[in-house]
Amino acid sequence: MKLTIKWENPILSDIDILEIQESDLDDFYVNAPDVDKANLFFVFLATAQYYLDGGKKEEAAHLNYLIAYYLFTALTPPASDVLAKYYIKQAITLNPLPQYLEEAAFIENGN
């Protein structure tokens with residue numbers, strides 16, 4: 001899936017959130033302009049809140065998982081492990097999938 005940032009509608013409501021995979025984030029990070037690499041984080045935050053407010057916990061959980069992955073693996077800003085731990089815990093609280101638990105263990109090892 002090709003991720004794009006739409007400034008006129010930054011909430012990712014027109015795609016199936018559950019279809020976004022780690023490889024989509026990796027591809028985005030490699031190909032996007034630098035400013036969009038950071039902006040994707042904020043688009044995911046806003047979209048996660050949108051779905052959570054709408055009662056769609058599964059989608060919100062997946063977005064929190066993707067946020068954790070993106071922070072820890074691609075962006076790696078200062079304290080990426082601290083931030084990623086927070087978001088992966090949010091994902092697990094909303095929907096404790098084995099995939100999310102595995103990512104939590106991976107993040108726990110640090111980067």
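When a residue number appears, it is its place in the shown sequence, counting from 1. Note that the coordinates shown come from a computational prediction; the quantities given were computed from them, not determined experimentally. What you see below is based on every heavy atom in this structure, not just the backbone, and it leaves out hydrogens, waters and symmetry mates.
Atom CG in N64 sits 12.5 Å away from atom NZ in K57 (nearest 0.5 Å). Here F41 contributes atom CZ and Y70 contributes atom OH; the two are 10.5 Å apart, rounded to the nearest 0.5 Å. Atom CE of M1 is separated from atom CD of Q21 by 8.5 Å, given to the nearest 0.5 angstrom. To the nearest 0.5 Å, atom CD of residue E22 and atom CD of residue Q99 are 5.0 Å apart. The CG atom of L3 lies 6.0 Å from the CD1 atom of I15; values are rounded to the nearest 0.5 Å. With rounding to the nearest 0.5 Å, the separation of NZ in K6 from CD1 in I11 is 12.0 Å.
Clustering of Ile, Leu, Val, Met, Phe, Trp and Tyr side chains at separations under 4.5 Å leaves V82 isolated, with no partner residue.
Under the 4.5 Å side-chain heavy-atom criterion for grouping Ile, Leu, Val, Met, Phe, Trp and Tyr, L94 is not connected to I92 through any hydrophobic cluster. Transitive grouping of hydrophobic side chains (ILVMFWY, heavy atoms separated by less than 4.5 Å) brings L83 and V43 into a common cluster. Both L40 and F42 sit in one connected hydrophobic cluster of ILVMFWY residues. Membership requires side-chain heavy atoms under 4.5 Å apart, directly or through other members. By the criterion of side-chain heavy atoms lying less than 4.5 angstrom apart, applied directly or through intervening Ile, Leu, Val, Met, Phe, Trp or Tyr residues, L63 is not grouped with L18; the two fall into different hydrophobic clusters. Neither L52 nor L66 shares a network with the other; the hydrophobic side chains, linked directly or stepwise wherever heavy atoms of I, L, V, M, F, W or Y lie under 4.5 Å apart, form separate groups for each.
For K37, the NZ atom is densely surrounded, since the number of other residues' heavy atoms within 6.0 Å is greater than 12. Counting non-hydrogen atoms of neighbouring residues, nucleotides and ligands closer than 6.0 angstrom, the NZ atom of K89 reaches no more than 12 such neighbours.
Taking all atoms of both residues into account, the shortest heavy-atom contact from T76 to T73 is CG2-O, 4.0 Å. When all heavy atoms of A48 and I67 are compared, the pair lying nearest together is CB-CD1, 4.4 Å. Between E58 and N95 the shortest heavy-atom distance is CG-ND2, 3.8 Å. Of all non-hydrogen atoms in D81 and I107, the two that sit nearest each other are O-CG2, 4.0 Å.
Pairs passing the ring pair (Phe, Tyr, Trp, His ring centres under 6.0 Å) check and including a residue from residues 2-34, sequence neighbours excluded, do not occur. Listed by first and then second residue, the ring pair (Phe, Tyr, Trp, His ring centres under 6.0 Å) pairs involving residues 83-111 are Y65-Y100, F72-F106 (not counting sequence neighbours).
Using a 4.5 Å cut-off on side-chain heavy atoms (C-beta onward), S13 and Y51 make contact. Using a 4.5 Å heavy-atom cutoff, the side chains of L71 and P77 are in contact. Taking 4.5 Å as the limit, every side-chain heavy atom of I17 sits out of range of all side-chain heavy atoms of F44.
Looking only at distances, a side-chain donor or acceptor of N39 sits under 3.5 Å from a matching main-chain atom of V35. For D24 (side chain) and I20 (main-chain N/O), no donor-acceptor pair under 3.5 Å exists by modelled atom type.
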Please test D26 against Y69 for side chain to side chain donor-acceptor pair (under 3.5 Å), starting from the C-alpha separation and ending with a verdict. CA-CA 10 Å; D26 296 339; Y69 175 87; 2.9 Å; yes

